[in-house]
Every structure is written in structure tokens, then in C-alpha cells.
Amino acid sequence: MDCSNYTEAQNASPLELIIKAAYLIPTSQYLLWGLLVCSIALYNFLEFHFFGDLLTGFRGNLVSLTYNSCSEIYNGVVSKCPSLHGRYLVTPWLSSPHIQTAFLNFFGNPPAFTYRRQIFQLPDGGTIALDWLMHSNVLRGTSRMNYTISKDDTTPIVVVVPGLTSDSCSAYIKHLVYEIAKRGWNVVVSNHRGLGGISITSDCFYNAGWTDDVRKVVDHVHEEFPKSLLFAVGTSIGANVLVKYLGEEGDNTPFAGAAAVCSPWDLLVCDRFICRKLVQRLYDRALTIGLQGYAQLHESIFSRLADWEGITKSRSVRDFDNYATCIVGKYETVDTYYRHCSSTSFVRDVSVPLLCISFLDDPVCTREAIPWDECRANKNIVLATTPHGGHLGFFEGITANRLWWARAVDEFLFALHSSPFMHKQNNKAQHKSVHFALESAIDQGPYVSITENGMVSAVGDEKPTKEMIETLPENENIKEKDTDIEQREQENTEAQIDSKNINTDEDVASVPVKRCIDQLSKQNKRSMWLLAYIALLTTWPFLGSTLFVVFKRKFKNVLPAWLRN
């Protein structure tokens with residue numbers, strides 16, 4: 001038997017021998033090795049770093065700070081923040097950016113408290129829910145709730161701008177609000193239009209670069225409580241909106257300081273990143289489902305202004321922006337919308353002390369979009385980064401009951417409040433329009449205006465003055481005032497003509513033209529020069545060639561030999 005088996009083994013092919021040997025291995029060994037391979041694949045797929053933390057003795061990672069060498073904000077404020085000069089250790093059983101992000105959205109361990117809601121009406125008819133948390137409610141407990149603030153109160157107020165499809169009830173917003181209220185400050189969360197249980201009451205929607213709502217809310221809070229210092233915190237898309245707003249306003253903002261957490265910075269780069277890997281595509285799909293849920297809440301308006309069939313069939317955030325945001329906002333393309341609304345181009349114009357926190361393993365907002373050089377060039381900005389943290393996660397402690405970035409923001413704002421480096425509003429500052437000459441006119445407004453007769457017109461992002469806001473609902477009064485003004489101007493013009501004895505038809509006909517030119521000049525003194533510049537720039541190739549041919553013969557002897565031919 002042994003000889004025959006030996007003879008059969010010699011005559012068998014190598015493949016048959018391997019198969020027979022594989023049959024001899026117990027099934028339990030296969031299961032054990034399969035489990036090991038799957039664990040390694042899952043460990044790499046979810047980007048766990050538990051063993052890396054174990055090898056370093058769970059000491060955590062140092063916070064990396066990027067700032068200008070002459071920055072007074074770093075020397076006088078950030079240097080006094082222990083969280084920004086220490087180490088961050090991830091909760092050991094959440095040592096993955098994806099696990100942290102998922103845990104934040106599904107659990108989050110938010111503190112329990114109750115907001116005071118204020119309904120704020122916008123000039124265009126829109127509605128925003130402002131949710132307030134008073135420091136007295138946190139300090140005294142729920143048995144003695146105080147929902148009033150005196151107009152002469154000097155307690156600092158922090159305005160919070162949430163992220164995409166997030167509102168005041170989101171876990172990370174509650175962590176931040178509670179942390180700041182414990183400090184002894186008042187906090188107000190500015191919910192986006194259509195969120196926080198509020199219906200959309202106008203044909204205007206928020207987007208990643210729509211700063212007008214923040215501007216109106218800030219002006220309202222500043223007017224209601226003029227003696228209170230104002231600070232701001234933006235998270236995710238809200239951080240992008242906040243930084244863009246600060247860059248647009250420059251010195252004209254009433255904020256004394258601000259913080260931006262997990263900002264996408266460059267929306268175009270983040271759009272490319274979120275479609276790169278399988279795990280990122282899962283986030284893309286999850287965000288799309290959230291946007292579709294937001295659209296379904298307001299289906300009656302979205303179906304009228306956007307492509308509802310395209311919205312329901314969207315499989316990515318880019319698809320949703322193509323069928324909804326670009327159509328409602330009158331953006332030419334999705335890339336145009338991303339470029340127009342990215343806050344990277346506005347970083348250099350930020351004039352208030354700004355703390356930016358980004359995590360290098362953020363699965364949604366990639367590190368590739370962080371404007372390192374722009375932050376380093378601006379003396380008002382300090383950028384704090386850590387290797388781990390996820391997207392708005394950053395849990396710390398064995399029970400994961402606190403967010404590190406919320407504590408860091410609280411320390412920064414308190415240190416800034418105790419320093420002489422807070423920003424002071426310059427009421428004489430001019431509003432700046434960045435990239436004015438490069439943007440298409442169709443990009444100037446995030447919504448459309450539908451009049452009573454059915455006419456549709458794009459509404460631009462021109463900043464209305466106080467007089468315009470106060471008289472905006474009174475359309476009939478505006479028309480009457482305009483008619484009165486025109487009649488007065490016409491009477492004055494006729495009186496001047498009579499006094500000067502100008503009786504020719506040509507002069508009389510030129511008066512309305514001059515009046516129109518004067519009105520255009522009053523509205524925008526640079527508009528005529530801008531139009532002349534554009535006309536000269538666009539017609540120069542033809543005009544230059546024509547002039548060259550006309551004057552070639554005249555200056556033939558002067559021109560070089562290579563131009564004569």
C-alpha cells in the first residue's frame with residue numbers, strides 16, 4: 001500500500017497534490033485565517049490607528065500650529081490655550097476617522113438642555129430660526145429657566161453657523177453650545193433656511209457660499225444687543241460660509257473674533273476627493289440622501305424652482321447641486337458654483353482673529369484643500385491641525401463624552417476676550433467684492449425672484465443698505481416715492497432750462513438722457529468706466545488690426561524692416 005501510494009504521488013500532478021494537501025487542513029484553520037485577513041482589510045479600509053497609538057503608549061499627537069511669524073494672535077492669545085499646545089488622544093475604542101464620524105452622527109452623547117427659539121424674518125420674506133441658550137440656564141439648571149436678555153447686557157454672544165443639513169439639535173452643535181454657555185456666555189445658533197423645523201417662506205435657499213443670511217443675522221443681533229461683544233463659530237459648510245463672510249466684510253464686521261472648524265475650504269477639490277475612493281463614495285451617498293431629505297421637506301418649492309426628477313435620481317452631491325443648487329442659484333455649471341462659493345480666495349481678507357481647526361484624516365474635507373500658505377500669510381489667522389479626528393468628531397476620554405475641538409474653541413474665544421487683540425468694527429470700511437471682474441453675471445445671486453405677473457429674474461448678492469431693507473416690503477410706497485422724485489427732478493430741470501433760455505429741441509431732448517446718466521452714476525460711479533474697459537478689451541483685436549493697417553503706410557519709414565513686410 002505504501003509503495004502504491006508512493007507511486008501514485010509520483011504520477012500525480014503538482015496541482016493535484018496541492019488540492020489533496022488543502023483537504024487535509026482543518027476547516028477551523030481556514031476560518032481563522034479568513035478572519036485574520038478580513039480584519040486586516042477592515043483595519044486598513046476604516047483607517048484604524050489603534051496599534052499606532054498603542055506603540056506610542058497612548059500619548060496622543062501634538063497639535064500642529066501654522067501662523068505668521070509676526071502674529072500677535074498667536075503670541076497673545078493662542079499661546080494661552082492649553083488644548084492647542086498639548087496633545088490630542090483619540091478615544092481608544094473610536095480610533096478611526098470613520099468610526100468617530102459615524103458615532104458622532106448616530107450617538108454623539110450630546111448634553112441635555114432646552115433652547116429658546118426666536119423667529120427671524122428676512123427682508124426677502126425668508127424665515128430663520130434663531131435658537132438661544134443663555135448662560136444662566138446652564139449655570140442655574142432647568143428648574144430656573146431665564147429666556148430674556150436685557151438690551152444693556154454686556155455678556156458676550158457667540159453666533160454658531162451649522163454645517164450642511166445640520167441644525168441646533170445636531171450632537172456636535174449641542175456639545176459646542178453647552179461648552180461655551182458653561183463659560184458664562186450666551187449662544188445663538190443660526191439655523192439655515194428650511195432647517196430646524198422651519199418652512200421655507202421665500203424662493204431663496206441657502207448654499208455653501210450664501211453669506212447674506214449670516215450678514216442679516218449678525219446685524220440683527222448686534223442691533224438688539226449693542227453692548228455685547230460678538231463672536232462666531234462655523235462648522236463644516238458653516239465654516240466655509242463664515243470665512244467667506246469675514247473675507248467679504250473685512251473690517252466692517254462686528255465680530256470680535258471667530259473660529260472655523262472642519263471647513264471644506266475649496267469645494268472643487270473636495271468634490272474631486274469625495275469621489276476618489278469607495279469609503280469616500282459612501283459619505284457622498286450619505287450626504288446626498290440628507291440633501292434629498294431636505295428637498296422632500298420643501299417639495300412644493302423645489303419642484304417649482306428646480307429639476308425635481310433630477311433631484312430624486314441624484315446619486316451624489318454633485319448631481320444634487322446640478323439639478324437643484326445651480327438651477328435655483330443661477331450658476332452656469334457646478335464647477336462655477338464650487339469656485340464661486342469656496343472660501344479659500346477670501347482667507348487673505350479676513351481682518352478678525354480667526355482660529356481654524358482641521359483634521360488631516362477628515363474623510364469629507366480633504367487636507368489637500370487646506371490653504372496653508374494663505375493662512376500663514378494672514379497675521380489674524382492661526383491654523384491648528386492634528387493627524388486624527390475625523391469630520392467634526394474628535395472625541396476624547398474613555399467615555400467619549402467630550403469633543404476636543406469644542407474645548408479648544410472655547411479656550412481660544414475666552415483667551416481672546418481677555419486680551420487686547422479683539423477686532424473692533426470699522427464702520428467706515430467699504431464692502432469688498434472679490435473677483436468682481438472674473439465672475440459671470442449669472443453667478444451673482446443664489447436665488448430667483450418671481451413677481452406677481454409671473455416674471456422670473458435673477459437676484460444678485462448686492463448688499464442692501466439699511467434704507468433698502470426698511471422700505472423693501474413697501475413696494476407701493478417705493479413706486480410713489482420714485483414718481484415724486486422724478487417729477488421733482490423734471491420740474492427742477494425745466495426751471496433750469498427756462499432760466500437759461502434754452503429753447504432748442506436738441507437741448508430739451510438731451511435733458512432726460514443726462515438725467516439717466518446721472519442716475520446711473522449715482523448707483524455705481526464705476527459702472528460706466530467698467531463698461532468702457534470691457535468694450536475696449538473685447539474689441540481690441542479687431543480695433544488694433546484696423547489701426548495697424550491704416551497707419552502702416554504712414555509710418556512705413558519709421559517701422560522696423562520685419563514689420564514693413
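Throughout, residue positions are numbered sequentially from 1 according to the sequence presented.
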Step through it carefully: locate the ring centre of [X], locate the ring centre of [Y], and say whether they are under 6.0 Å apart.
{"X": "Tyr294", "Y": "Tyr206", "result": "yes"}
{"X": "Phe359", "Y": "His388", "result": "no"}
{"X": "Trp185", "Y": "His417", "result": "yes"}

Going by the rule side-chain contact (heavy atoms from CB on, under 4.5 Å), which residues pair with Arg272 if we only count those two or more places apart in sequence or in a different chain?
Leu268, Arg318, Asp335
Sorted by chain and number, sequence neighbours left out, side-chain contact (heavy atoms from CB on, under 4.5 Å) with Val241 holds for Thr211, Val214, Ile237
Please determine if Lys216 forms a cation-pi arrangement with Phe120, meaning its NZ or CZ atom is less than 6.0 Å from the six-membered ring centre and no more than 45° off the ring axis.
no
Any cation-pi pair here, Arg183 with Phe414, using under 6.0 Å and within 45°?
yes
Once you measure the plane-to-plane angle for [X] and [Y], does it fall in the parallel (<30°), tilted (30-60°) or perpendicular (>60°) bin?
{"X": "Trp132", "Y": "Phe225", "value": "perpendicular"}
{"X": "Tyr74", "Y": "Tyr67", "value": "parallel"}
{"X": "Phe394", "Y": "Tyr88", "value": "tilted"}

Show your working on ring pair (Phe, Tyr, Trp, His ring centres under 6.0 Å) between Phe412 and Phe231 and close with a plain yes or no.
CA-CA 11 Å; Phe412 171 77; Phe231 298 87; 8.8 Å; no
Go through Phe395 and Phe103 one step at a time and tell me if the ring pair (Phe, Tyr, Trp, His ring centres under 6.0 Å) criterion holds.
CA-CA 9 Å; Phe395 287 97; Phe103 184 81; 5.2 Å; yes
For the residue pair [X] and [Y], confirm or rule out a side-chain donor-acceptor distance under 3.5 Å.
{"X": "Tyr283", "Y": "His391", "result": "no"}
{"X": "Glu332", "Y": "His340", "result": "no"}
{"X": "Ser83", "Y": "Glu411", "result": "yes"}
{"X": "Ser95", "Y": "Asp53", "result": "no"}
{"X": "Thr155", "Y": "Asp153", "result": "yes"}

Determine, stepwise, if the pair Leu291 / Leu164 fulfils side chain to side chain contact (heavy atoms under 4.5 Å, CB included).
CA-CA 8 Å; Leu291 289 171; Leu164 186 69; 3.8 Å; yes
If you draw a 6.0 Å radius around [atom1] in [X], do more than 12 non-hydrogen atoms from other residues or ligands fall strictly inside?
{"X": "Glu72", "atom1": "CD", "value": "no"}
{"X": "Lys424", "atom1": "NZ", "value": "no"}
{"X": "Arg367", "atom1": "CZ", "value": "no"}

Non-hydrogen side-chain atoms of Ser263 and Ser343 separated by less than 4.5 Å:
yes
Flag side-chain contact, heavy atom, 4.5 Å: Gln280 against Cys275:
no
Mind running side chain to side chain donor-acceptor pair (under 3.5 Å) on Asp131 and Asn191 for me, showing each step along the way?
CA-CA 8 Å; Asp131 288 333; Asn191 294 287; 3.1 Å; yes
Check against side chain to side chain contact (heavy atoms under 4.5 Å, CB included), Asp167 and Ile173
CA-CA 8 Å; Asp167 55 22; Ile173 294 294; over 6 Å; no
